[in-house]
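Just below is one structure, and these are the notes that go with it.
The chain is numbered in sequence order, starting from 1.
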Amino acid sequence: MQIKGVLFDFSGTLFRIESVQSWLRAALAEREVEVSEADFERYARGLEAAGALPGGPLPRHVPERLAEVWATRDESMDLHREAYTGLARQVSLPDPGLYDALYERHRSPAAWLPYPDAAEVLGALRDRGIRIGVVSNIGWDLRPVFRAHGLDTLIGAYVLSYQHGVQKPDTRLFHTACTLLGQDPADVVMVGDDRHADGGAAALGCDVRFVHHLPVEQRPDGLRTLGLVPGVARETCERCP
């Protein structure tokens with residue numbers, strides 16, 4: 001196919017959230033709460049098991065009282081906050097203000113790192129006149145993250161689930177993104193890390209390619225080897241479907 005547009009997922013595809021430990025330390029520092037190292041490790045383990053860090057490990061178990069909210073969490077700002085602060089509150093933290101502090105921390109650009117090859121791939125696509133969009137299941141505006149890391153000028157359109165009231169794999173999100181880019185879905189590639197959510201673009205006619213949701217230091221070239229940019233053979237990518 002001749003690629004005329006590329007849509008990217010956000011978390012786990014272009015950017016990765018910080019570790020649970022880094023996230024917790026930042027919130028404790030902001031609240032000026034000091035804890036012993038043993039307590040810190042206990043809180044971190046509990047929050048990780050609860051899946052309280054958006055973009056981090058998934059919950060090992062979602063309490064029944066949160067099941068409906070969890071299932072629709074990316075359809076609005078309120079549902080997203082309720083879901084993740086609800087998961088965090090399963091862990092008894094030493095300051096009640098920490099639950100909101102943790103949620104606010106994950107929305108900070110400082111909590112996110114771009115994958116090592118993100119700027120290179122996005123820049124190469126832009127230089128070749130290929131339109132770029134971001135389609136994300138999310139409950140807040142991620143554009144400040146792109147601005148803080150100098151990638152905002154490379155993105156032509158953002159389609160964020162909470163602004164549309166639906167979540168991937170709903171094809172309406174991908175259709176909106178293709179329309180904003182002015183491209184036929186058959187000429188567009190969707191890149192993501194979730195075969196269910198991001199794979200929904202295939203129903204619209206997009207080609208879909210996947211990367212692994214890994215820490216940034218463990219995935220230096222996952223985007224580069226997808227064959228999006230001429231000169232890089234897709235067949236060299238072990239992560240491609």
Checklist entry - Roughly how far, to the nearest 0.5 Å, is CG of D74 from CD of Q167? => result 4.5 Å

Next on the checklist: Using the rule that Ile, Leu, Val, Met, Phe, Trp and Tyr join whenever any side-chain heavy atoms are under 4.5 Å apart, tell me whether V69 and Y84 fall into a single cluster.
Outcome noted: no

Checklist entry - Can you name the closest pair of heavy atoms from P63 and L87 and give their distance? => result CD-CD2, 4.0 Å

Next on the checklist: Using side-chain heavy atoms (C-beta onward) and a distance below 4.5 Å, is V35 in contact with P94?
Outcome noted: yes

Checklist entry - Between E120 (side chain) and D221 (backbone), is there a donor-acceptor pair under 3.5 Å? => result no

Checklist entry - Mind checking whether V121 and V216 sit in one hydrophobic cluster, side chains of I, L, V, M, F, W, Y counted as touching below 4.5 Å? => result no

Item to check | Close side-chain approach of D117 to P220, heavy-atom, < 4.5 Å | outcome: no

Next on the checklist: Under the ring pair (Phe, Tyr, Trp, His ring centres under 6.0 Å) test against H106, which residue among W23, Y99, W140 passes?
Outcome noted: W140

Checklist entry - How far does CG of L204 sit from CZ of R172, to the nearest 0.5 angstrom? => result 12.5 Å

Next on the checklist: As a quick check of understanding, evaluate side chain to side chain contact (heavy atoms under 4.5 Å, CB included) for V229 and R128, giving each step before the final call.
Outcome noted: CA-CA 9 Å; V229 180; R128 286 164 173 78; 3.7 Å; yes

Next on the checklist: Return the CG to CZ distance between L154 and R131, rounded to the nearest 0.5 Å.
Outcome noted: 12.5 Å

Checklist entry - Is the backbone N or O of I138 less than 3.5 Å from a side-chain atom of S161, with the two atoms forming a donor-acceptor pair by type? => result yes

Item to check | Other residues, nucleotides, ligands: >12 heavy atoms within 6.0 Å of E41 CD | outcome: yes

Next on the checklist: Using modelled atom types and a 3.5 Å cut-off, is there a donor and acceptor pairing between side-chain atoms of K168 and backbone atoms of V135?
Outcome noted: yes

Item to check | Pairs meeting criterion ring pair (Phe, Tyr, Trp, His ring centres under 6.0 Å) with involvement of residues 143-199, two or more places apart | outcome: F10-F146, F15-F146, F15-H149, F146-Y158

Item to check | 4.5 Å side-chain heavy-atom contact, V191 and L228 | outcome: yes

Item to check | Test item: D198 side-chain N/O and D194 main-chain N/O as donor-acceptor pair under 3.5 Å | outcome: yes

Item to check | Check: I3 and L125 side chains under 4.5 Å, non-hydrogen atoms | outcome: no

Item to check | N/O donor-acceptor pair under 3.5 Å between R219 side chain and G12 backbone | outcome: yes

Next on the checklist: If I compare all heavy atoms of V211 with all of G222, which pair ends up nearest, and what's the gap?
Outcome noted: CG1-O, 3.5 Å

Checklist entry - Should Y115 and L14 be counted in the same cluster of Ile, Leu, Val, Met, Phe, Trp and Tyr side chains packed under 4.5 Å apart? => result no

Checklist entry - Counting heavy atoms not belonging to E37, are there more than 12 under 6.0 Å from its CD? => result yes

Checklist entry - Stepwise, does the salt bridge (charged side-chain N to carboxylate O under 4.0 Å, His left out) test hold for R45 with E48? => result CA-CA 5 Å; R45 286 194 302 270; E48 182 169 346; over 6 Å; no

Next on the checklist: Using modelled atom types and a 3.5 Å cut-off, is there a donor and acceptor pairing between side-chain atoms of T72 and backbone atoms of E75?
Outcome noted: no

Checklist entry - More than 12 foreign heavy atoms under 6.0 Å from CD of E217: is that the case here? => result yes

Item to check | Note, R73 side chain near R81 side chain (heavy atom, < 4.5 Å) | outcome: no

Checklist entry - Side chains of H213 and R16: do they bring a donor and an acceptor to under 3.5 Å? => result yes

Checklist entry - Could you give the distance from CG (L98) to CZ (R89), rounded to the nearest 0.5 Å? => result 10.5 Å

Item to check | Trace of the side chain to side chain contact (heavy atoms under 4.5 Å, CB included) decision for T179 with T176 | outcome: CA-CA 5 Å; T179 299; T176 297; 5.7 Å; no

Next on the checklist: Give me the atom names and distance for the closest heavy-atom approach of L181 to V6.
Outcome noted: CD1-O, 4.4 Å

Checklist outcome for this item: Closest non-hydrogen atoms of L24 and A44, given as atom of the first, atom of the second and distance, are CD2-N, 3.8 Å

Checklist entry - D78: what forms a salt bridge (charged side-chain N to carboxylate O under 4.0 Å, His left out) with it, not counting sequence neighbours? => result none

Item to check | Worked check of salt bridge (charged side-chain N to carboxylate O under 4.0 Å, His left out) between E18 and R105 | outcome: CA-CA 10 Å; E18 65 187 334; R105 167 65 186 184; 2.7 Å; yes

Checklist outcome for this item: Closest non-hydrogen atoms of L102 and L47, given as atom of the first, atom of the second and distance, are CD1-CD1, 4.1 Å

Next on the checklist: I want to check something: taking the side chain as every heavy atom from C-beta on, are K4 and V188 in contact at a cut-off of under 4.5 Å?
Outcome noted: no

Checklist entry - Can you hop from M77 to L79 via hydrophobic side chains spaced under 4.5 Å? => result no

Checklist outcome for this item: Correct closest heavy-atom pair for G55 and S11 would be CA-OG, 3.5 Å

Checklist entry - Going by the salt bridge (charged side-chain N to carboxylate O under 4.0 Å, His left out) test, which pairs reach into residues 133-146, not counting sequence neighbours? => result D141-R143

Checklist outcome for this item: Between the OH atom in Y43 and the OG atom in S92, the distance rounded to the nearest 0.5 Å is 7.0 Å

Item to check | I132 and L122, any side-chain heavy atoms less than 4.5 Å apart | outcome: yes

Next on the checklist: Please report the interatomic distance CG(L93) to CZ(R42), rounded to the nearest 0.5 Å.
Outcome noted: 9.0 Å

Item to check | Check: Q183 side chain, C178 main-chain N or O, donor-acceptor pair, under 3.5 Å | outcome: no

Checklist entry - If Ile, Leu, Val, Met, Phe, Trp and Tyr residues are connected whenever their side-chain heavy atoms lie under 4.5 Å apart, and connections chain through other members, are L53 and V62 in the same group? => result yes

Item to check | V189 and R209: CA distance, side-chain angles, deciding distance, side chain to side chain contact (heavy atoms under 4.5 Å, CB included) verdict | outcome: CA-CA 7 Å; V189 176; R209 304 180 190 181; 4.0 Å; yes

Item to check | Any side-chain heavy-atom pair of V134 and L7 under 4.5 Å | outcome: no

